[in-house]
Chemist: 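Below you'll find the structure I mean.
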Amino acid sequence: MTKTQCPDRRQTTVVISIAVLIFLLCTVVALQGGLLPREPAGQADLQGSLWQLIPLQMLQMFVLGFKVLGILIPLWLSATGWGYPIRRYLLQKASTPFILQPAIGTALILLIAWASAWGGRLNQTTAWGLCIVGITIFIIQLLQPTYRHIILTHRIQLKWLFILPIPMVALFTVAAACPPKTLWSVEAFGYDAISYHLQLPRQWLEQGAMQGLPHNVYSYFPSLFEVGYMMIAAMQGSMQGSIYAAQFYHASATILGAAILGLAVARRFGSFSGWISASALIAMPWTLIIGSSAYNEGFVLMMAASAVFILTVPDQID
C-alpha cells in the first residue's frame, strides 16, 4: 500500500458519510414540506409531529425502497449485461467508460421487449428471462481476467464535489415515491403518466399484446419506453403494483443520463465543470418534474447524453 492510498480511502469514507447525512436530511425536509412540519400548532405539537411523522414516513420509504430495488436491480444489471457486447465490438477503446454500458444495454433490452410485446410474447416469464440472460452476460463479463483484475485492484476515490448533486437526488427520491396525481400541478398533476405512460402498459398486459387502442390515440405512438413499464408490470404481476418501480426506473435513468453528460463535460473541460453540469441538469425544475414521474424524457436524456459522450470524445470510435 502506498502512502497516498490511506488518505484517499479516508477522504472517500468522509465524503460518503457526509453525502449520506445530507441525503437523509434533505429527504426529511422534503417529506415534511420544509424545515418545519406543515402547520405546527406549537412547540409541543412540533415535537410530536417530528417524532411521529418522520419515523413513519421514513419507514414507509425504506419498505417501498426494498420493493422497488427488487425490480430495479435486476433491470439495471441485465441492461449492463446486454450492453456489454455492443460496448465491446462498437466502442473498443479501453477509455470507453463503464457507465455507458447500462445506458446502451437499456436501448437493446427495450428493443427486444418491444418486439416481444408486439408479438404478444411479453409476459412474466419472458420479462424475467430477459433479465436473467442479461445478468448472466454481466457475470461472464466480470469473470474475465481483465475485468476481474480491475475490480480487485480498483479503489473508488470520491472527491468533495460528489456531495454537490446529493440534495437534488434526495428530492428526486422523495418525488418518485409519491403516488401519481399528487405532485406537479404545472404538469397537470402528471396527466400523461395516468393517461398513457402507465395506462397503456396495463391494458396491453390485460390484452396479451401491444397494439393500437381505438379509445387512446397515444397507443399508436412507437412506445419504446412504455414497453419498459410494461416489462416492469409483467415482472411484478400487475401495473398497479409496479407504479413506484416504474417511477424510480425513469428517475434512475434521468440521473444516469446526467452523470454521463457530466462525465462527457469533465473529459473536455475538467472535473469541476463536469460535476457542475451534472448537478445543474438534475437541479432544473423541469428535469425534476418529468424525471420523477413515469414519463419517457429521462430515457431520451440518458441515451442522448451517451451519444453526446461518444461523439464529443474523439478516441471513443475507431
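Side chains included, hydrogens not; waters and symmetry mates left out as well; all remaining heavy atoms used.
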Chemist: Pair Leu69, Phe248 - check side chain to side chain contact (heavy atoms under 4.5 Å, CB included), show working.
Modeler: CA-CA 9 Å; Leu69 289 177; Phe248 275 100; over 6 Å; no

Chemist: Compute whether any side-chain donor of one residue and acceptor of the other, for Asn216 and Ser219, lie under 3.5 angstrom apart.
Modeler: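 Their side chains do not contain a donor-acceptor pair, so the 3.5 Å distance test is not met.
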
Chemist: So, taking the atom named CD in Gln144 and the one named CD1 in Ile139, what distance separates them when rounded to the nearest 0.5 Å?
Modeler: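 It comes to 13.0 Å.
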
Chemist: If only side-chain N and O atoms count, and only distance matters, is there a donor-acceptor pair under 3.5 Å linking Trp184 with Ser292?
Modeler: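 Note: Ser292 and Trp184 side chains meet the donor-acceptor criterion.
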
Chemist: Do Glu226 and Tyr218 have side-chain atoms, one donor and one acceptor, less than 3.5 Å apart?
Modeler: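 Glu226 vs Tyr218: no donor-acceptor pair found between side chains.
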
Chemist: Closest heavy-atom contact between Gly81 and Ile137?
Modeler: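 Shortest heavy-atom separation between Gly81 and Ile137 comes out as O-CG2, 3.1 Å.
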
Chemist: Find the distance between CG (Leu143) and CZ (Phe138) and round it off to the nearest 0.5 Å.
Modeler: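 One finds 10.5 Å between CG of Leu143 and CZ of Phe138.
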
Chemist: As a quick check of understanding, evaluate ring pair (Phe, Tyr, Trp, His ring centres under 6.0 Å) for Trp76 and Tyr249, giving each step before the final call.
Modeler: CA-CA 9 Å; Trp76 282 115; Tyr249 187 39; 5.5 Å; yes

Chemist: As an exercise, state the distance from OG of Ser116 to CH2 of Trp118, rounded to the nearest 0.5 Å.
Modeler: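 Rounded to the nearest 0.5 Å, the OG-CH2 separation comes to 13.5 Å.
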
Chemist: A side-chain contact here means heavy atoms from C-beta on lying under 4.5 Å apart; do Thr106 and Met303 qualify?
Modeler: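 When only atoms from C-beta onward are counted, Met303 and Thr106 do touch, with a gap below 4.5 Å.
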
Chemist: Do you see a donor-acceptor pair shorter than 3.5 Å between the side chains of Gln211 and Tyr220?
Modeler: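 No - no donor-acceptor pair under 3.5 Å links their side chains.
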
Chemist: Are there more than 12 heavy atoms of other residues, nucleotides or ligands under 6.0 Å from atom CD of Gln240?
Modeler: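 Counting other residues, nucleotides and ligands, CD of Gln240 stays at 12 neighbours or fewer.
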
Chemist: Only one of Pro180, Ser242, Ser252 clears side chain to side chain contact (heavy atoms under 4.5 Å, CB included) with Gln247; which?
Modeler: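 The side chain to side chain contact (heavy atoms under 4.5 Å, CB included) with Gln247 is passed solely by Pro180 among Pro180, Ser242, Ser252.
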
Chemist: Please determine which of Leu130, Ile135, Leu77, Ile104 meets the side chain to side chain contact (heavy atoms under 4.5 Å, CB included) test together with Trp82.
Modeler: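 For Trp82, the side chain to side chain contact (heavy atoms under 4.5 Å, CB included) test succeeds with only one of Leu130, Ile135, Leu77, Ile104, which is Leu130.
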
Chemist: Hey, mind stepping through Leu100 and Phe309 against side chain to side chain contact (heavy atoms under 4.5 Å, CB included) and telling me if it holds?
Modeler: CA-CA 9 Å; Leu100 287 179; Phe309 185 95; 3.8 Å; yes

Chemist: Under 4.5 Å between side-chain heavy atoms, counting indirect links through other Ile/Leu/Val/Met/Phe/Trp/Tyr residues: same cluster for Phe221 and Leu224 or not?
Modeler: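 Linked within one cluster.
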
Chemist: Do we see a donor-acceptor contact under 3.5 Å between the side chains of Gln236 and Gln124?
Modeler: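 Short answer, no.
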
